[in-house]
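What follows is one structure encoded as structure tokens, with my remarks underneath.
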Amino acid sequence: MIVALIIACEVGFWVLLALGLAVRYLLKRRRTSVVLLLCEPVLELVLFVVTAIDLKNGAEPSWEHGLAALYIGFTVGYGHYTIRWLDGHAAHRLAGAPKPAKPPRYGMARSRHEGGLWLRTLLAAAVACALLQAAVWYVGGDGDTSSLRSFQWAALRAAGIHGLIALTYLIWPKRGPGVPEADHRVTSTKESARR
């Protein structure tokens, strides 16, 4: 049941997002689109409540409950970012707005971008771990919480791996085309000072 609800929440997220953007740019009803987009967090709240009720009714903690916590954490960390990104593209395609800027590709600007994404992943992992810990305390010593603990470690591993990847952009920033090796750090520093 929990997996079906996670799938329904994911489908609902994209349906509400598409409806919200269509209402905003095709029907020119900004307030209605804001209401539709504000319904997005309600989906996660429903998933959280159903998961808590499932555990309260005596369900054995399983991978489904762990997956629900990871899904909610990911939505908290990346939901607004995804909506803002798609809103920029919808404004460009449907309302004639300028094309949204692409993420930086080189130097320290790219490093800052990757660091920001890692902070989102860290937030997602923290939310998931907090929800999973609350579920462990909720179940108490009577139930087997090993699956919930394993999902906590999975969230921490994902944040750690993403952190290492983001760190590589800081240690070895990608050079722009035509930038010699020795001038790369100086150019990256000047480029970041201009922004």
Would you be so kind as to tabulate the donor-acceptor pairs closer than 3.5 Å made by side chains of residues 153-168, with sequence neighbours excluded?
unit_1	atom_1	unit_2	atom_2	d
H162	ND1	T121	OG1	2.7
T168	OG1	I165	O	2.5

Rounded distance (nearest 0.5 Å) linking atom [atom1] of [X] with atom [atom2] of [Y]:
| X | Y | atom1 | atom2 | value |
| --- | --- | --- | --- | --- |
| L45 | C39 | CG | SG | 12.0 Å |
| L37 | T32 | CG | OG1 | 11.0 Å |
| S62 | F151 | OG | CZ | 8.0 Å |
| T51 | I72 | OG1 | CD1 | 6.0 Å |
| L86 | R93 | CG | CZ | 11.5 Å |
| E60 | H65 | CD | NE2 | 9.5 Å |

Nearest heavy-atom neighbours spanning [X] and [Y]:
| X | Y | value |
| --- | --- | --- |
| P100 | H92 | CD-CB, 3.9 Å |
| H113 | P103 | NE2-CB, 3.5 Å |
| L70 | A128 | CD2-CB, 3.7 Å |
| I2 | A68 | CG2-CB, 4.0 Å |
| L170 | M108 | CD1-CE, 3.2 Å |
| Y138 | A52 | CE2-O, 3.7 Å |

Would a single hydrophobic cluster contain both [Y] and [X], if residues Ile, Leu, Val, Met, Phe, Trp and Tyr are joined by side-chain heavy-atom contacts under 4.5 Å?
| X | Y | value |
| --- | --- | --- |
| Y169 | L117 | no |
| V34 | I83 | no |
| L123 | W118 | no |
| W85 | L38 | no |
| L122 | V127 | no |

[Y] and [X], any side-chain heavy atoms less than 4.5 Å apart:
| X | Y | value |
| --- | --- | --- |
| Y71 | F13 | yes |
| L16 | L43 | yes |
| R110 | P173 | no |
| Q133 | R149 | yes |
| V3 | W63 | yes |

Hey, can you tell me if Y81 and Y78 have their rings parallel, tilted or perpendicular (30° and 60° cut-offs)?
perpendicular
Any luck finding a side-chain donor-acceptor pair between E10 and W14 under 3.5 Å?
yes
Any pair counted as salt bridge (charged side-chain N to carboxylate O under 4.0 Å, His left out), so long as it reaches residues 28-49, sequence neighbours left out:
none
Within the side chain of S147, is there an N or O that forms a donor-acceptor pair under 3.5 Å with the backbone of P61?
yes
For R24, what residues pass the salt bridge (charged side-chain N to carboxylate O under 4.0 Å, His left out) criterion, not counting sequence neighbours?
D87
Can L132 and V136 be said to form a side chain to side chain contact (heavy atoms under 4.5 Å, CB included), step by step?
CA-CA 6 Å; L132 289 164; V136 166; 5.6 Å; no
